[in-house]
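To keep things clear, I will list the structure first and then write my remarks on it.
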Amino acid sequence: MKLLRYYTPAILWIILILVLCTLPGKDIPSNSFFDKIHFDKFVHFGLFGGIVLFLSLGIYWQKKHVSAGTLVLLVICAAGYGLAIEFIQEYWAIGRSFDMFDVLADTLGAIAGVWVFKIVRSLFFKNADK
């Protein structure tokens, strides 16, 4: 149970992404301006960056260190989760479809999550590992 406290934000975030990404297409608000600027890609970027950030923070709070290999693994897992969600949208979600550009936004967001984690770690944690 002690481990759960480190990873609760990440678990809740991952569940939130699944819920949001499997909403029926008709339940997603549409706005022509946001459609023109592909705002949904920015949303994907932020959501999947959040996965890496929250998981990295959980690992850091637990172990006081996060290796480069672990960060790479988190990016791969977050990108894989994004790909899996696209398949779920294609085959099971009502009114949703597979979009490779969403997968790209998810992956780039996951990579950015590493950078955000490193910035947060250096700004807010006294003994940040280098």
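- The backbone N or O of Leu55 lies less than 3.5 Å from no partner atom in the side chain of Tyr60, so there is not a single donor-acceptor pair.
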Take Leu57 and Phe125, measure what side chain to side chain contact (heavy atoms under 4.5 Å, CB included) needs, and give me the verdict at the end. CA-CA 11 Å; Leu57 286 171; Phe125 298 104; 3.8 Å; yes
Working note: Ser56 + Val114, criterion side chain to side chain contact (heavy atoms under 4.5 Å, CB included); need CA distance, chi angles, decisive distance, verdict. CA-CA 8 Å; Ser56 298; Val114 171; 5.7 Å; no
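- Across Ile17 and Tyr81, no two heavy atoms sit closer than the pair CG2-CE2, 4.0 Å.
- The salt bridge (Lys or Arg N to Asp or Glu O under 4.0 Å) contacts involving residues 77-98 comprise nothing, where partners must be two or more places apart or lie in separate chains.
- No chain of hydrophobic side-chain contacts below 4.5 Å, direct or via other Ile, Leu, Val, Met, Phe, Trp or Tyr residues, connects Val66 to Leu73.
- With contacts defined as side-chain heavy-atom distances shorter than 4.5 Å, the pair Phe101/His38 does not qualify.
- When the side chains of ILVMFWY residues are joined at heavy-atom separations under 4.5 Å, either directly or via intervening members, Val116 and Leu12 end up in two distinct hydrophobic clusters.
- Ile119 and Ile59 fall within a single hydrophobic cluster, where Ile, Leu, Val, Met, Phe, Trp and Tyr side chains are chained together by heavy-atom contacts under 4.5 Å.
- Using modelled atom types, one side-chain atom of Thr22 and one backbone atom of Leu18 make a donor-acceptor pair closer than 3.5 Å.
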Side-chain donor-acceptor contacts of residues 41-53 below 3.5 Å, not counting sequence neighbours, with atom names and distances?
{"from": "Lys41", "atom 1": "NZ", "to": "Asp99", "atom 2": "OD2", "distance (Å)": "2.8"}
{"from": "Lys41", "atom 1": "NZ", "to": "Asp102", "atom 2": "OD1", "distance (Å)": "2.7"}
{"from": "His44", "atom 1": "ND1", "to": "Asp106", "atom 2": "OD1", "distance (Å)": "2.8"}
{"from": "His44", "atom 1": "NE2", "to": "Asp102", "atom 2": "OD2", "distance (Å)": "3.3"}

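- Inter-residue side-chain proximity for Cys21 and Ile88 is flagged as unmet; no heavy-atom pair is nearer than 4.5 Å.
- Linking ILVMFWY side-chain heavy atoms closer than 4.5 Å, directly or via other members, places Leu20 and Ile14 in a single hydrophobic cluster.
- Atom CD1 of Ile11 and atom CG of Leu4 lie 5.0 Å apart (nearest 0.5 Å).
- Taken together through direct or relayed side-chain contacts under 4.5 Å among Ile, Leu, Val, Met, Phe, Trp and Tyr, Ile76 and Tyr7 form parts of separate hydrophobic clusters.
- Summarising the geometry of Leu71 relative to Phe117, their closest heavy-atom pair is CD2-CD2, 4.1 Å, with the distance given to 0.1 Å.
- Within the 4.5 Å cutoff, side-chain heavy atoms of Leu83 are placed close to those of Phe98.
- Aromatic rings of Trp13 and Phe54 (six-membered ring for Trp) have centroids within the 6.0 Å cut-off, being under it.
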